[in-house]
Amino acid sequence: MVNIQFSSIISFVNTSDFPDGRILYELFRVCDNGRPISLGLWVYERIFFNYDRSTEIANITYYECLTCTGCCDYFITATPLNVTGMDIIVGNGRVAAIAQEVKKV
C-alpha cells in the first residue's frame with residue numbers, strides 16, 4: 001500500500017477587473033525506469049474576485065495498492081489553465097510518500 005500526500009500554497013494575484021485562472025495538478029508514477037503513468041488530476045481555480053490576492057493551500061491525498069516488486073517514483077506537475085487578468089504563484093510544494101507491505105495470512 002502506498003499513500004502519497006502533497007500540499008502547496010497557491011496565490012492568485014488580481015491584475016484586472018475580471019480575473020479568471022485555474023491550475024491543474026497531475027500526479028504521476030514511474031516504475032522501474034518505465035513511462036510515467038498519470039494517476040489523477042486536480043484543479044484549483046479562482047474566478048472574478050474583487051480583492052488583490054487570494055491565497056489557499058492545495059492538498060492532495062492518493063492511495064493505491066501495488067503488486068510490483070520494483071522501485072517506483074512519484075511526481076506532481078502544476079500547469080496553469082485559462083489564466084486571464086491574474087498571476088498564479090505556486091510555492092512551498094511538499095510531497096510525502098508512505099509505503100507499507102501488506103502480507104496475506
Side-chain angles (χ1 to χ4, degrees):
M1 303 228 13
V2 177
N3 174 0
I4 303 295
Q5 298 176 3
F6 170 79
S7 66
S8 70
I9 296 174
I10 308 170
S11 292
F12 298 92
V13 181
N14 187 349
T15 61
S16 76
D17 291 335
F18 299 103
D20 182 2
R22 291 165 192 79
I23 187 159
L24 171 72
Y25 287 98
E26 187 168 8
L27 174 63
F28 292 92
R29 178 184 69 227
V30 178
C31 294
D32 299 322
N33 297 318
R35 291 184 47 189
I37 297 170
S38 177
L39 301 174
L41 302 168
W42 294 264
V43 176
Y44 290 83
E45 68 183 346
R46 277 291 170 258
I47 300 173
F48 304 121
F49 56 95
N50 293 327
Y51 35 89
D52 291 336
R53 176 178 284 219
S54 172
T55 301
E56 64 183 67
I57 297 173
N59 286 305
I60 296 169
T61 301
Y62 180 82
Y63 295 95
E64 71 175 346
C65 291
L66 290 176
T67 57
C68 66
T69 58
C71 181
C72 295
D73 293 315
Y74 293 84
F75 65 93
I76 292 181
T77 60
T79 306
L81 301 174
N82 305 325
V83 178
T84 56
M86 72 167 59
D87 295 327
I88 299 177
I89 302 164
V90 177
N92 203 26
R94 298 175 187 265
V95 177
I98 302 166
Q100 178 180 355
E101 184 177 357
V102 178
K103 293 183 180 183
K104 293 183 180 181
V105 180

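Around CD1 of I98, the count of heavy atoms belonging to other residues, nucleotides or ligands within 6.0 Å exceeds 12. Residue N59 qualifies as enclosed at atom CG: its count of foreign heavy atoms under 6.0 Å is above 12.
Every residue was checked against the ring pair (Phe, Tyr, Trp, His ring centres under 6.0 Å) condition with Y62, not counting sequence neighbours, and none meets it. Taking S38 as the reference, E26, F28 meet the side-chain contact (heavy atoms from CB on, under 4.5 Å) condition, with sequence neighbours excluded. For Y74, there are no ring pair (Phe, Tyr, Trp, His ring centres under 6.0 Å) partners at least two apart in sequence or on another chain.
In terms of hydrophobic clustering, with Ile, Leu, Val, Met, Phe, Trp and Tyr side chains grouped at heavy-atom distances under 4.5 Å, Y44 and V95 are assigned to a common cluster. Put simply, F6 and L66 are part of the same group of oily side chains (I, L, V, M, F, W, Y) that touch within less than 4.5 Å, one to the next. A continuous path of Ile, Leu, Val, Met, Phe, Trp and Tyr side chains, each step under 4.5 Å between heavy atoms, connects I37 with W42, placing both in one hydrophobic cluster. Linking ILVMFWY residues whenever their side-chain heavy atoms come closer than 4.5 Å, directly or via other members, leaves M86 and L24 in distinct clusters. The same ILVMFWY cluster, assembled from side-chain heavy atoms under 4.5 Å apart, contains both V2 and L39.
Atom-to-atom distance recorded for E45:CD and F12:CZ is 8.0 Å, nearest 0.5 angstrom. D73 contributes atom CG, which lies 9.5 Å from atom CG of D32 (distance to the nearest 0.5 angstrom). Once rounded to the nearest 0.5 Å, the distance linking OG1 of T79 with CD1 of I23 reads 7.5 Å. Note that CG of N92 and OG of S7 are 7.0 Å apart. Values are rounded to the nearest 0.5 Å. Here the CZ-CG distance, from R46 to D20, works out to 12.0 Å after rounding to the nearest 0.5 Å. Atom CD1 of I88 sits about 10.5 Å away from atom OG of S54, to the nearest 0.5 Å.
Nearest approach of I4 to A97, heavy atoms of both residues: CD1-CB, 3.6 Å. Contact detail for P36 and V30: the closest heavy-atom pair is CA-CG2, 3.6 Å. Between S8 and G93, the shortest heavy-atom distance links the atoms CB-CA, 3.9 Å. Residue R22 comes nearest to V83 through the heavy atom pair O-CG2, 4.1 Å, listed as atom of the first residue, atom of the second, then distance.
In this structure, the side chain of T15 engages the main chain of G85 through a donor-acceptor pair within 3.5 Å.
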C31 and C71: CA distance, side-chain angles, deciding distance, disulfide bond (SG atoms under 2.5 Å apart) verdict: CA-CA 6 Å; C31 294; C71 181; over 6 Å; no
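Contact of the V90 side chain with the Y25 side chain is registered, since non-hydrogen atoms from C-beta on lie closer than 4.5 Å.
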